[in-house]
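Some notes on the structure that comes next.
Lettering follows sequence order; numbering is per chain, from 1.
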Protein chains: 2
Amino acid sequence: MTVTIKDVAKAASVAPSTVSRVISDSPRISDRTKDKVREAMKQLGYHPNFNARSLANQTTKTIGVIMPNSANKTFQNPFFPEVIRGISTKAHQLEYGLYLSTGQSDEEIFEEVQHMVQGKRVDGIILLYSKVNDKVMKYLHEQNFPFTLIGRPYDETVRGVSYVNNDNFKAAKTVTEYLLLLGHKRIAFVGGNLDYVVTIDHMEGYRRALNNAGIEVCDDYIVFHEELQEGGQEAVIDLMSLSERPTALIVADDIMTFGVMRMLSEMEVNVPDDISIISFNNVMISELSAPPMTTVDINIYSLGYEAANLLIDKILHPNIEARKILIPHKMIKRQTCRRLVESAKKTV
Amino acid sequence: MTVTIKDVAKAASVAPSTVSRVISDSPRISDRTKDKVREAMKQLGYHPNFNARSLANQTTKTIGVIMPNSANKTFQNPFFPEVIRGISTKAHQLEYGLYLSTGQSDEEIFEEVQHMVQGKRVDGIILLYSKVNDKVMKYLHEQNFPFTLIGRPYDETVRGVSYVNNDNFKAAKTVTEYLLLLGHKRIAFVGGNLDYVVTIDHMEGYRRALNNAGIEVCDDYIVFHEELQEGGQEAVIDLMSLSERPTALIVADDIMTFGVMRMLSEMEVNVPDDISIISFNNVMISELSAPPMTTVDINIYSLGYEAANLLIDKILHPNIEARKILIPHKMIKRQTCRRLVESAKKTV
DNA sequence: AAAGTATGTGAAACCCTTTACAATAGAACG
DNA sequence: CGTTCTATTGTAAAGGGTTTCACATACTTT
């Protein structure tokens, strides 16, 4: 049926091992023989069998990409195609393939990871999320299996975890300071799922900035929501029902901001005249909102690219020590923030 | 090092073949033996080696997913995570894994597909796009390798291609008719890349509706753009520069519509008062535009789900004949279309 | 008691490559 | 001319399973 190395060997009247060596371009084979074998390979249309190769080599040249639980809509966030594009680019350069997780629940995902690892289906794994107390991460760490995190481990004292992250604490702090400088005092924080480390870092940055400015953190101004659009919308309802409405919002994610802005517009609250908004990620469409949103570009593509780089490095040099990469972020000022004029909003 | 089937066999004092039979739950093994072997597997923490299995079985339980050329931004369209979610769900149900293409250019992708197929890395392939004269499709067809298309082959006379598609012709026709009923006569069409079959189908539907209504199709009203946001923006510039501006726009994709609406808002052209818009896909955020957009829901998730279903069927029953599945679409009326009042726009 | 039939198990071949080791031939050397 | 190198190629085992075939039981049947 299929053309194997033996067929090529026969056709070129050499031993299978010779063919194998020609494939890996071993210097121990004479040029004459190489030519002869290559000719035969072309004639017969030979392609190496991937599985046999992996088996003999104990290496798959494949990296496993673990997406978060896809039950909720988080998944539709353009964040994912973009990280994957980054991962994909680097992987392709180094001739690695990508194997995607398909599990829907945390439990399913965990099982899948076990299979990937124990079944030697991939050489390493990239986790596209960082959760607090993540079973998957714990497992990979225990198994001493090559992996990198996008984000950071919740407990940074855990040694030996490579990750690539933004300085989310700093980004959130800066963003809050920016709003403070614009004269805002009642700044609310609309976070994502609290199980994710990024949410915690954002919140800490926000708190710190407020503390530094001597402003008391008001619990009513801090809300969390898992779902992207719906979450954004519910957050707005909660916040706008307060007797003292916030004058500015820090929102965890651009997509959530779309939800927020939609709801605000239904309530006829004008952005940025009545309320300022700043969010995170700068996905492609965030410049297309009405008005275009001010957000923090976190360089999603690089996050993926560097994660792949780190991982493959680890695969190739297992004894290399863990590295942490910080991808720079950058505030992109567009049109959802405005300076608060002193007297103005005194009348609530 | 790793626990193999032989270790299990020894521990349970049976032959390796017996262990193998237990794994595949063969009816020829007594329950007592099965229990004994399973106990041993658990004790030793045995997991079957995937590559060895694939090699012996000649089957990988993996399906290859080919994304379009990721050089341009098309990729960031939330369409992709959503189809993949559909594919992923079905694949997971039937215990198939997903292997993703990483090539950036058409040429790279083609090579990759060749490797996947010849190297027996996957059991079947799903093409996430349908292009005119697609080399990849041609190749898969020639090789008689199991694959399904999302979209449809340009040349439908090619026998034996399974695909899942929307009736894009009909959707575009309906949408055009809808605008006609609202009193629009100057309806423009902003299409995607003309290499994609979907673009052609949309255009044909549009033309047909106009013809049926006895309205001459004006070439100036038909524009195409590859890029999503930029494309949308450029299209608007072109159309709004015409002496007779269109009163309604049919846009190929929701993301593009975001670009269109952004540009329109910069020009201070009001949607829907000055111009009506209707587009396709209904991705998650399309309800979050300002105003929320009227669009055609094409059920992206099902597209993926059914494609996986079709493919796996084909893999399992190679002699089954090719099937075509049409996923129903549905117009979602939101707020970007309005009735044209007779007298109104006469003054251009 | 002999023959026939399930049922359970083991040995060995096979899937395709890689690789350690062996073998051969020709070149260089004394 | 015999010996030692060196360059090149071959042989066989390993990598971890699956599958076929044949054999050994135990149980019916006549």
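- Between the side chain of B:Ser24 and the base of D:dT18, no donor-acceptor pair under 3.5 Å is found.
- Between the P atom of D:dG16 and the OH atom of B:Tyr46 lies a distance of 10 Å, rounded to the nearest Å.
- Looking at heavy-atom distances under 4.0 Å, A:Ser20 makes contact with a base.
- For the salt bridge (Lys or Arg N to Asp or Glu O under 4.0 Å) test with A:Lys131, the passing option among A:Asp155, A:Asp195, A:Asp106 is A:Asp106; the others fail.
- Residue A:Ser17 is in base contact, counting any heavy-atom pair closer than 4.0 Å across all strands shown.
- Of the two residues near DNA chain C, B:Asp31 and A:Asn57, the one whose nearest nucleotide lies more 5' is B:Asp31.
- Considering only the side chain of A:Gln58, D:dG16 comes nearest among D:dG16, D:dT18, D:dT11.
- A:Phe50 comes within 4.0 angstrom of no nucleic acid atom, judged by non-hydrogen atoms across all strands.
- Residue-level contact check: A:Val19 touches neither bases nor backbone, having no heavy atom under 4.0 Å from any strand.
- A donor N or O paired with an acceptor N or O is not found under 3.5 Å between the base of C:dG8 and the side-chain atoms of B:Arg32.
- Rounded to whole angstrom, the span from the CG atom of A:Asp35 across to the P atom of D:dT8 amounts to 14 Å.
- At a cut-off of 3.5 angstrom, counting only N and O atoms as typed in the model, there is a donor on one side and an acceptor on the other between the side-chain of B:Arg21 and the base of C:dG10.
- Two residues, A:Ser30 and B:Ala56, neighbour DNA chain D, and the one matched to the more 5' nucleotide by heavy-atom proximity is A:Ser30.
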